[in-house]
2 protein chains.
Amino acid sequence: MSELEADATVTVDVVLFTIRQGRLSVLLVERQDDPFVGCWALPGGPPVAAADLDQSANRHLEEATGAAVSPGHLEQLRTYGTPDRNPEARQISVGYLGFMADLPAPVTAGDRPSARFWPHDDFLTGDDAPELVLDHRQIIGDGLERARAKLEYTTLATTFLEAPFTISDLRRVYQTVWGVQLEPANFRRKVVERTDGFVEPTGESRPTGRAPALLYRAGPATELTPPLVRPDADEAS
Amino acid sequence: MSELEADATVTVDVVLFTIRQGRLSVLLVERQDDPFVGCWALPGGPPVAAADLDQSANRHLEEATGAAVSPGHLEQLRTYGTPDRNPEARQISVGYLGFMADLPAPVTAGDRPSARFWPHDDFLTGDDAPELVLDHRQIIGDGLERARAKLEYTTLATTFLEAPFTISDLRRVYQTVWGVQLEPANFRRKVVERTDGFVEPTGESRPTGRAPALLYRAGPATELTPPLVRPDADEAS
DNA sequence: GGAATAGTGTCTATGAGACATTATTCC
DNA sequence: GGAATAATGTCTCATAGACACTATTCC
């Protein structure tokens, strides 16, 4: 065989989604050094010695935010290795995808002013969209698509929420990630009655400004069979 | 951060499935050199310079079989990077998953006596199961699980067949990969009537020893909505 | 009372699964 | 004729989706 590259540089990069103020948002870090100064990038870095790739992804998240974030779910997304994705050297990036509940305070605290959650729509269409490093915009797009698909056939939507939560909270997670409106009545039935172990009632209820809502926590189920099918997007909020 | 490993060794390894004589089989290569002499391994090797990872996977398949195989489908599976998966050095493997139609002749031809398809059941339970290198048995297991899932919601089962094929041929692909029996009547209806573009009739039919069967080729559809749901495995053949 | 949200009830259309039936071929 | 397979017909049950309705709270 022709020319081989056994010693490419490897990095682990994380797409961490959360929902802030009703908007799907992704954690980015402003580059202070390297090339790309001032550009924004996914949190990440080389594999940590004696740690597997999942652990390395977690470590880089802690590193980037001063341990302010801890994902409720983290999975491998895919690996990016186009020869010219980094013009300087062959670089292979193992992408990760994470979900977490919204934080009470911004991540941008104290000694880490460079990490923040960006609403996802902003850097699709916005004018003040940050400039992203390498193919990180592509990776985020792939992460979003995976997230949307996973909500269909897993119970992972609950990892966007802190327990206890209401069925409406859970429905709003679906609506935000999918960008659609869902019928409250049918959604409730699907989640509560037709899918054992998706959520379990706490017995409490929460005043919501209108009618009080029953509270739930995540159940033991991990898969949704049959799945919760995503309607054709109508791009509602 | 503590210790980082920027220069891990990278390889691309391929799980290539086909169906031979009614059995799901995977392509393996006998190691002639290195450590692991005499062990069997997935075909693969380092990324090819100036080629992306998909192309590298294809190149290693050609290399291993003298261009005898060409997958009808090839996709990235996942990346393996546990620190101790290769005791000699940190090695990160990007796994690929491929499907192809059965070959008329064995792969083991001429100057490549070291590559062959192994029936999958053999190295799960068999006594003459080959010894596999590193975590390749795990990678094959992950590939099988992915393959089973993909048949549910994509049209990729046709990539196990040469056109034209009968609906029974297609059903046997599902039965072999899933390890279950399917109701012929309902399967036919699902494939032919309820999923536009899965298969399209050629107009011909083939004598099968019994009643003649209508012939089809793969259609333009790539996804199955709603999916073809896999029954609980009863481990039939 | 009016508006908004939580939760329940009910109807319809679709499709999966079970199984019967007919047609065709080889023995 | 008998066995095996291809293809079609028919019935039932589960459920997604649409929508009406009641209950509760804040204004």
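Scope of the values below: all heavy atoms of this structure, side chains included, with no hydrogens, waters or symmetry mates. A note on names: the letters A, B, ... follow the listed sequences, proteins ahead of strands, and every chain is numbered from 1.
In the set dA7(D), dA6(D), dC19(C), dC19(C) carries the atom at the smallest distance from any side-chain atom of Glu183(B). For Asn186(B), the listed nucleotide lying nearest its side chain is dC19(C); candidates were dT25(C), dA16(C), dC19(C). Between dA18(C), dA16(C), dC19(D), one nucleotide has an atom nearer to the side chain of Pro226(B) than all others, and that is dA16(C). For Ala213(B), counting side-chain heavy atoms from C-beta on, the closest listed nucleotide (dA7(D), dA3(C), dC19(C)) is dA7(D). Taking the side chain of Val229(B) as heavy atoms from C-beta on, and the options dG17(C), dA4(D), dA3(C), the nearest nucleotide is dG17(C). The side chain of Ala185(B) lies closest to dT8(D), out of dT8(D), dA4(C), dA6(D). Among the nucleotides dA6(C), dA16(C), dT15(D), the one closest to any side-chain atom of Arg194(A) is dT15(D).
At a threshold of 4.0 angstrom between heavy atoms, the contacts of Ser168(A) are confined to the sugar-phosphate backbone, with no base atom among them.
Counting heavy atoms from C-beta on, the side chains of Met100(B) and Phe117(B) come closer than 4.5 Å. With a 4.5 Å cut-off on side-chain heavy atoms, Glu75(B) and Leu156(B) count as touching. Arg85(B) places a side-chain heavy atom less than 4.5 Å from the side chain of Ser93(B).
Regarding contacts with the backbone of dA6(C), every side-chain N or O of Arg188(A) stays at 4.0 angstrom or more from both OP1 and OP2. Remark: Thr208(B) is not in phosphate contact with dT5(D), judged by side-chain N or O atoms under 4.0 Å from OP1 or OP2. Contact annotation: Lys190(A) side-chain N/O to dA16(D) OP1/OP2 distance is under 4.0 Å. Of the side-chain N and O atoms in Arg171(B), one or more sit less than 4.0 angstrom from OP1 or OP2 of dA6(D).
Taking only distance into account, the side chain of Arg189(B) never meets the base of dG17(C) through a donor-acceptor pair shorter than 3.5 Å.
The distance between atom OH of Tyr174(A) and atom P of dG17(D), rounded to the nearest whole Å, is 13 Å. In this structure, CG of Asp232(B) is placed 14 Å from C1' of dG17(C), rounded to the nearest angstrom. Taking atom CG of Leu214(B) as the reference point, atom P of dT25(C) lies 12 Å away to the nearest angstrom. Distance Leu182(B) CG to dC19(C) P: 15 Å, rounded to the nearest Å. Here the C1' atom of nucleotide dC27(C) and the CZ atom of Arg210(B) are 7 Å apart, to the nearest Å. Rounded to an integer number of Å, the gap from CD of Glu193(A) to C1' of dG9(C) is 11 Å. One can place CG of Asp169(B) at 13 Å from P of dT5(D), the figure rounded to the nearest angstrom. Distance CZ (Phe187(B)) to P (dA6(D)): 12 Å, rounded to an integer number of Å.
Each of Leu228(B) and Pro207(B) was matched to the nucleotide of DNA chain C holding its nearest heavy atom; the match closer to the 5' end belongs to Leu228(B).
Phe187(B) has its ring centre less than 6.0 Å from the ring centre of Tyr174(B).
Classified by interplanar angle (parallel below 30°, tilted 30° to 60°, perpendicular above 60°), the ring pair Phe99(B)/His73(B) is tilted.
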What do the steps show when you test Arg59(B) against Gln55(B) for side-chain hydrogen bond (donor to acceptor under 3.5 Å, both in side chains), and what is the final call?
-> CA-CA 6 Å; Arg59(B) 293 284 293 278; Gln55(B) 294 164 341; over 6 Å; no
